[in-house]
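Start at 1 and go down the list; that is how both ligands and their atoms are numbered. If you're wondering where the values come from, they're calculated on a predicted model, not measured in any experiment.
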Amino acid sequence: MIQYVLQTEDVAIHYGGVKAVDGVDLTLAKGQIRGLIGPNGAGKSTVIDAITGRRRLTRGRVTLLGEDVSALGVVARRARGLSRSFQRTSIFAQMPVFKQVELASHQMGASDSYADAQAVLQELDLWDMRETVAQDLGYGEQRRLDLALALVGHPSVLLLDEPMAGLSVKESLDLAGHLKKLTDTWDVSVLLVEHDMDVVFGISDVVTVFELGRVIADGSPAEVRANPRVREAYLGSAA
Ligand SMILES: Nc1ncnc2c1ncn2[C@@H]1O[C@H](COP(=O)(O)OP(=O)(O)O)[C@@H](O)[C@H]1O
Ligand SMILES: [Mg+2]
């Protein structure tokens with residue numbers, strides 16, 4: 001039986017002398033949201049690159065749905081159910097919403113890209129905007145379109161790097177609600193890198209704290225909030 005949908009063991013990425021990520025063990029259980037926080041430069045984005053295959057591992061292992069995928073490239077891992085949110089720039093500004101989600105689904109090799117795109121857009125409350133060209137969407141809707149593109153083909157694991165950046169409080173809460181619902185109804189598991197502490201502590205089942213490429217704390221939101229090292233190193237007076 002597969003215990004975790006995603007697991008990293010002793011994952012390291014070094015850039016010359018810079019140990020961006022240095023021996024990280026992470027797990028993600030089915031349907032779980034794991035928040036990943038830490039100061040700028042802690043290695044959060046690099047660990048996502050390591051998991052997706054965008055960066056070669058200096059050492060360690062990445063296991064997806066029970067399979068060691070460490071030697072596989074980005075496309076092969078995506079085909080096996082590992083997805084990440086696209087940057088805003090990957091939206092085609094001039095193309096209607098439905099058309100680009102269906103195109104992404106088709107490129108993924110979905111057997112019925114129309115049905116796949118429809119399901120994703122309905123789930124994210126974008127169906128009514130399916131004919132709108134992306135550049136005419138509000139910013140919050142554009143971020144939901146990023147998420148929609150990441151969800152085609154029904155991935156098992158979603159890696160999100162600061163998806164709330166630039167959103168208003170209301171838009172952030174809305175996106176957080178969609179993420180929570182996805183984990184419940186789509187069986188998607190999420191690794192969420194996010195600056196907004198209210199969002200992270202509010203929706204994560206477990207939280208990991210990074211500092212200088214290493215995990216300094218890992219536990220429930222309450223445990224992590226109460227951890228003296230975390231309070232000192234990261235949360236500071238805000239805690
Ligand atoms: N391509 C790169 N070459 C050299 N150093 C890098 C590269 N990318 C990131 N780093 C360094 O790795 C560390 C971790 O960066 P990053 O993963 O972006 O942190 P975070 O996402 O937590 O802000 C930083 O010290 C950063 O300067
Ligand atoms: Mg980053």
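Under a 3.5 Å cut-off, the side chain of Arg130 and the backbone N or O of Pro96 do not form any donor-acceptor pair. Side chain of Gln32 to backbone of Ala29: a donor-acceptor contact under 3.5 angstrom is found. A donor-acceptor pair under 3.5 Å is formed between the side chain of Glu171 and the backbone N or O of Ser168. One N or O on the side chain of Gln142 and one on the backbone of Ala134 form a donor-acceptor pair closer than 3.5 Å.
Neighbours of the Mg ion (ligand 2) restricted to protein N, O or S atoms under 2.8 Å: the count is 1.
Considering Arg34, Gln3, Gln7 as possible partners of Thr27, the one that fulfils the side-chain hydrogen bond (donor to acceptor under 3.5 Å, both in side chains) test is Arg34. Of the residues Leu6, Val47, Leu192, the one that meets the side chain to side chain contact (heavy atoms under 4.5 Å, CB included) test with Leu159 is Leu6.
Residues Ser45 and Asp161 have side chains that bring a donor and an acceptor to within less than 3.5 angstrom of each other.
The environment of CG in Leu72 is crowded: more than 12 heavy-atom neighbours from other residues, nucleotides or ligands sit within 6.0 Å.
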Exercise. Report the C-alpha separation of Lys180 and Asp205 in whole Å, then their side-chain angles, then the decisive distance to 0.1 Å, and conclude whether the salt bridge (charged side-chain N to carboxylate O under 4.0 Å, His left out) test is met.
Key: CA-CA 10 Å; Lys180 196 79 193 164; Asp205 302 295; 3.8 Å; yes
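Listed by chain and residue number, the protein contacts of ligand 1 are Tyr15, Ala20, Pro39, Asn40, Gly41, Ala42, Gly43, Lys44, Ser45, Thr46, Arg55 (heavy atom within 4.0 angstrom).
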